[in-house]
Student: 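Can you keep this structure in mind? I'll have questions shortly.
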Amino acid sequence: MRTAPGAPHVADTAPGYGALRPARSWLHSDAPSLSLNGPWRFRLSPTAHLAADFADSAFDDSAWDTLPVPSHWVLEGDGAYGRPIYTNVQFPFPIDPPHVPDENPTGDYRRHFALPDDWARAEAVVLRFDGVESLFRVWVNGREIGGASGSRLCHEFDVTAAVRPGDNVVAVRVHQWSAASYVEDQDQWWLPGVFRDVTLHARPAGGIEDVWLRTGYEDGHGRIDPEITADPSAFPVTLRVPELGIEQVWTGPADVAPLTAGAVRPWTAEEPRLYTATVSGAAETVTVRIGFRTVEIRGDRFLVNGRRVVFHGMNRHETHPERGRVFDEEHARADLARMKRFNVNAIRTSHYPPHPRLLDLADELGFWVVLECDLETHGFDAVGWNGNPSDDPAWRTAYLDRITRTVERDKNHPSIVMWSLGNEAGTGANLAAMASWVHARDTGRPVHYEGDHTGAYTDVYSRMYASVPETEQIGTDGSAAPLLGCTPAQGARQRTRPFVLCEYAHAMGNGPGALDQYEDLVHAHPRLHGGFVWEWRDHGIATATADGTPYFAYGGDFGEVVHDGNFVMDGMVLSDDVPTPSLHEFKAVVQPLRFSFTADTVEIANLRHSADTSELRFRWRAEHDGVRVAGGVLDVPVVPAGGTASVPLPSVPVAADAETWLTVDAVLATATAWAPEGHEVATAQQDRSLPRPAAPARPRGDWRPAEGTLTLGIAEFAAGSLRRLAGRPVTGPKLELFRAPTDNDEGTSGEVAESDASIAGISNAALWRRDGLDRLTTRRMSVETTEGALRTVDRVSAANSGLWVAVESTWSLEDGELELRVETAPSRGWSTVWPRIGVHFELPDAGAPVDGAQWFGTGPLESYPDSMRAARTGRFTAGIGELSVEYARPQETGHRSQVRELVLTSAGTGVLRVTALPDARGRRPGFSLARHTPQQIARAAHPFELPASTAGHLIVDAAQHGLGSRACGPDVWPPFALRPEARTIRLRLRAG
């Protein structure tokens with residue numbers, strides 16, 4: 001498949017040619033280097049079939065544009081160089097491997113550099129590219145040096161024979177599409193260009209070519225197993241670890257041998273202790289930060305330093321709304337610090353090696369890292385995996401090159417505890433060959449690949465989006481439940497291995513739900529080692545409408561021929577770095593401490609891998625109806641990892657006429673590299689309230705048909721309908737069964753429980769639209785009055801539907817307050833879940849718009865039936881815009897559960913006070929307050945498409961459907977699914 005020298009090579013499955021050097025570690029060296037980052041001359045052509053005359057030193061590029069390196073050309077020039085393309089599974093070109101279309105955007109780059117005078121003594125001059133998408137060719141001073149593919153991999157070329165003293169010209173040709181594109185079909189934007197650093201290195205005579213300092217830890221002591229790659233002229237070579245008093249001299253290559261490091265502190269993700277080591281030879285010193293740790297699989301346990309690891313992880317792409325995959329260290333450090341603050345302890349580098357500096361940061365801040373190879377062939381699913389490169393001998397060299405460059409570049413990092421062959425590339429002999437190579441090269445780390453369902457060549461059992469019941473069966477000893485793609489014997493073998501959910505809880509839009517169910521399984525079944533949420537961050541690209549309105553673009557917004565829509569907006573963090581409520585939920589679910597209350601004590605369990613609680617301070621506070629009445633600091637002994645301590649609780653004053661809540665927070669006693677002093681690590685609440693049953697609804701009699709035009713306290717009615725409330729115009733309440741579908745509501749994937757009302761292969765949102773929940777109409781059946789009360793009965797239904805809901809609304813004066821009681825009852829025949837059961841009040845602006853809320857209930861963020869762990873009970877205040885999350889595709893957001901009291905405000909002043917009474921079963925309603933109706937939100941594909949608002953919209957919900965993960969995973973499970981049922985809402989209303 002090799003093409004002739006000088007040809008474009010776009011259909012070549014070989015990974016590189018020319019003066020391409022062997023893979024080695026990305027090292028911190030004192031040997032001279034010269035960054036070639038900065039402005040380059042640039043020309044874009046629509047095809048790969050071009051002459052190479054541009055590489056000549058004398059070529060006149062003065063008419064070319066200037067483009068920064070690193071960058072993606074489709075993110076520069078406001079569309080002048082093409083636009084990004086988003087696909088998840090699809091190939092944006094015909095599936096004709098290894099060929100790609102002639103319409104192949106090709107970028108030519110040129111820049112001059114001056115070779116430093118003292119480089120004349122260098123033994124070799126090496127040109128390194130840390131990332132180029134997708135295939136590139138290199139010339140120096142008109143001489144072709146070579147070419148390579150592997151977009152997220154490092155490539156080094158020996159350019160010694162081509163460079164000259166003084167001025168030099170380097171030219172690079174980058175093809176957007178190549179044979180390599182078939183094995184780089186990751187779920188992300190296609191972003192061509194030279195997007196990582198370009199560096200020139202002077203390799204000294206007697207230099208150190210490569211270093212690998214393997215480490216181990218056992219019983220408080222460390223060991224170092226060194227591998228030094230260097231010419232004999234580099235020796236003697238000295239290893240120094242000053243903190244440990246190590247200064248080991250090796251006089252020749254044959255002398256290099258393992259050594260003991262004595263007493264050391266181990267490296268873990270919780271206590272990332274690093275020691276600075278230097279390796280010095282005749283002409284070069286290399287610095288490596290080492291961490292002592294031992295990774296092993298013992299039976300069905302994945303252990304580091306002899307203790308079981310639980311991954312509370314995130315799948316992390318490299319993405320930024322303006323720079324794409326261009327690395328920015330300051331932003332990356334802030335991103336990893338954010339992960340730490342939200343109790344994330346692990347990263348799967350989906351689905352390629354990140355910029356090498358990111359792994360330095362992971363070593364320093366502390367993460368368990370599953371380092372993934374740059375490999376995915378998901379698009380072959382469209383043709384039944386026919387021609388998949390994973391089992392084609394023609395691609396074997398490319399596969400082995402990719403895993404070799406992955407492992408060799410990053411092998412020194414203690415944070416890496418597992419190598420992953422790639423993602424969603426089917427299975428086959430080439431993947432097995434990759435695993436075999438890794439096993440031979442690195443005996444100290446296991447091999448992962450989810451597609452090896454039977455465990456033929458990998459070391460851990462891995463799955464994505466397994467449901468809660470299926471995950472439980474995987475972890476249960478003695479279970480014979482079938483496993484995906486396995487015979488009974490293969491399934492039994494997989495159950496003898498550690499299990500990892502390499503992807504779960506698809507965090508697209510509002511969701512996911514059921515995080516706590518997965519976490520509970522991890523603690524019930526030691527074989528289960530947690531997993532990695534898909535995914536960390538939305539991939540929105542910052543752009544603007546024609547009138548300058550900014551927004552974050554997703555698939556289809558750039559006119560792609562094929563695309564996968566907003567499926568790229570599936571992060572726990574929005575594109576602009578804002579954590580979503582689901583990330584707060586994750587933090588609460590996986591918090592490393594568990595609190596169990598009794599009447600006078602709290603038991604604190606430390607669930608960590610290795611860190612004790614010495615860096616934490618435990619604060620407590622007592623609140624009456626959300627108002628603090630007492631507080632202080634608990635005297636908690638240091639609790640070791642895996643240990644527990646029972647701590648006496650202070651005497652908490654309990655109120656007879658208010659709810660009493662005790663809250664305990666574990667906070668950082670001192671600042672760390674990732675959070676300030678006082679940062680909350682874990683929290684828990686105990687309800688100490690005395691029973692206070694709600695007053696039952698007062699029965700009324702002597703109802704008489706009436707016109708229904710009257711005033712009851714603060715309410716004014718005409719023809720039985722509310723017209724004004726507390727002096728403000730109000731429309732409603734009307735029955736609201738619809739919510740703007742979440743991405744999970746629109747999803748069709750994943751399991752549907754047999755007892756559920758969902759339908760496999762059809763989204764819940766489609767069923768809601770089929771049944772007309774977004775277009776309900778009302779027929780008034782009756783209007784009646786009695787002394788101090790008004791009652792209406794309505795039948796609510798949709799066009800072309802025989803289904804209906806009876807709604808009885810009773811307004812009455814009770815104890816000087818206005819009470820509203822709404823009772824709903826569905827007809828027979830409803831066959832699907834409902835999104836909500838609520839009542840909707842429209843609040844026209846009328847000169848003083850409702851612009852915020854104060855409430856006593858759960859908060860401060862939104863919550864739903866299967867996403868409640870982050871919700872705490874208290875008093876909260878928010879502006880109307882702060883109550884909703886601006887997801888990239890507008891959808892249901894903003895529901896606050898279990899409200900007791902709600903005050904609507906205008907310009908900081910209360911205008912309406914609502915007290916929510918529990919129903920006969922003690923269930924409290926929730927509320928949402930927004931500037932748009934669910935129907936308006938559902939019609940908008942982007943926030944800027946929402947219409948101008950002239951009113952606020954208050955919806956009080958008796959119930960909401962759960963969130964689930966059905967955009968790419970299981971649906972809402974039965975306990976959290978809302979089936980059509982009769983419900984009651986009771987509210988007391990008075991002027992603010």
Side-chain angles (χ1 to χ4, degrees), residues 625-627 711-717 721-736 739 809 811 813-814 816-822 836 838-863 871 873-885 892-918 924-934 936-937 946 948-958 960 985-992:
D625 278 356
V627 177
T711 297
L712 287 176
I714 64 170
E716 301 174 30
F717 300 89
S721 296
L722 181 66
R723 291 291 181 258
R724 297 182 69 83
L725 194 59
R728 299 178 57 87
V730 177
T731 301
K734 68 174 183 178
L735 179 68
E736 188 65 82
R739 73 184 186 193
S809 302
W811 297 86
L813 292 175
E814 309 288 350
E817 289 186 318
L818 179 68
E819 179 171 311
L820 167 65
R821 185 174 76 253
V822 179
R836 74 185 336 143
V839 290
H840 182 168
F841 297 85
E842 182 174 318
L843 309 164
D845 289 348
V850 170
D851 58 12
Q854 302 167 359
W855 74 99
F856 173 44
T858 65
L861 302 174
E862 63 187 31
S863 55
T873 301
R875 287 195 175 271
F876 308 98
T877 300
I880 194 168
E882 298 170 313
L883 289 166
S884 301
V885 178
E892 162 66 27
T893 176
H895 177 76
R896 268 71 177 174
S897 307
Q898 300 174 13
V899 66
R900 283 79 159 166
E901 183 180 80
L902 169 67
V903 178
L904 303 184
T905 62
S906 179
T909 300
V911 294
L912 180 66
R913 186 175 300 270
V914 181
T915 301
L917 303 178
R924 297 183 184 275
F927 82 95
S928 60
L929 178 65
R931 293 295 301 176
H932 294 92
T933 68
Q936 289 172 326
I937 295 169
L946 291 167
S949 172
T950 59
H953 298 272
L954 171 66
I955 302 177
V956 179
D957 288 315
Q960 273 257 3
I985 296 174
R986 286 182 68 196
L987 307 174
R988 293 279 180 96
L989 303 104
R990 62 182 186 272

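Everything numeric in this text was worked out from a predicted model, so none of it was measured.
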Student: Looking only at non-hydrogen atoms, find the nearest pair between Leu712 and Leu813 and report the distance.
Tutor: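 Closest pair (atom of Leu712, atom of Leu813, distance): C-CD2, 4.0 Å.
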
Student: Return the minimal non-hydrogen interatomic distance between Phe856 and Gly626, and the atom names on each side.
Tutor: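 For Phe856 versus Gly626, the nearest heavy atoms are CE1-N, 3.6 Å.
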
Student: Would you say Val903 and Leu912 make side-chain contact, with heavy atoms under 4.5 Å?
Tutor: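 Result no, sub-4.5 Å side-chain heavy-atom pair not found.
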
Student: Using the ring of each side chain (for Trp, its six-membered ring), is Phe876 parallel, tilted or perpendicular to Trp855, with breaks at 30° and 60°?
Tutor: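 Aromatic pair Phe876/Trp855 classed tilted.
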
Student: Could you check Thr873 against Gln898 for side-chain hydrogen bond (donor to acceptor under 3.5 Å, both in side chains), going step by step and ending with a plain yes or no?
Tutor: CA-CA 9 Å; Thr873 301; Gln898 300 174 13; 5.2 Å; no

Student: With heavy-atom distances below 4.5 Å as the criterion, would you say the side chains of His840 and Thr933 are in contact?
Tutor: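 His840 vs Thr933: side chains touch.
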
Student: Can you name the residues that form a side chain to side chain contact (heavy atoms under 4.5 Å, CB included) with Glu814, not counting sequence neighbours?
Tutor: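 With sequence neighbours excluded, Glu814 shows a side chain to side chain contact (heavy atoms under 4.5 Å, CB included) to Arg698, Arg700, Ser812, Glu819, Arg988, given in chain and number order.
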
Student: So which heavy atom on Val627 is nearest to which on Arg875, and how close?
Tutor: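 Minimum heavy-atom separation between Val627 and Arg875: CG2-NE, 4.1 Å.
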
Student: Would you mind reporting whether Arg896 and Leu883 have side-chain heavy atoms less than 4.5 Å apart?
Tutor: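 Yes, at least one pair of side-chain atoms sits under 4.5 Å.
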
Student: Just so I know, are the side chains of Val914 and Phe927 near enough to count as touching, which here means a heavy-atom distance under 4.5 Å?
Tutor: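 When only atoms from C-beta onward are counted, Phe927 and Val914 do not touch, as no gap falls below 4.5 Å.
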
Student: Which atom names give the shortest non-hydrogen contact between Asp957 and Ile985, and what distance separates them?
Tutor: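 Answer, listing the atom of Asp957 first, then Ile985: C-CD1, 4.3 Å.
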
Student: Taking the side chain as C-beta and beyond, is there a heavy-atom pair between Arg990 and Thr915 under 4.5 Å?
Tutor: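 Yes - at least one pair of side-chain heavy atoms lies under 4.5 Å apart.
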
Student: Which heavy atom of Ala715 sits nearest a heavy atom of Phe717, and at what distance?
Tutor: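 Shortest heavy-atom contact: CB-CE1, 3.5 Å.
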
Student: Indicate yes or no: at least one non-hydrogen side-chain atom of Asp845 is less than 4.5 angstrom from one of Arg931.
Tutor: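 Yes, close enough: below the 4.5 Å cut-off.
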
Student: Whether the side chain of Arg739 engages the backbone of Pro934 through a donor-acceptor N/O pair (distance < 3.5 Å, no angle test) should be reported.
Tutor: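 Not confirmed, Arg739 side chain does not pair with Pro934 backbone.
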
Student: So, does Arg913 use its side chain to make a donor-acceptor pair with the main chain of Val911 at under 3.5 Å?
Tutor: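 Checking the backbone N and O of Val911 against the side chain of Arg913, no donor-acceptor pair under 3.5 Å is found.
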
Student: Might you point out which heavy atoms bring Ala853 and Thr905 nearest each other, and give the distance in Å?
Tutor: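 Result for this residue pair: N-OG1, 3.8 Å.
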
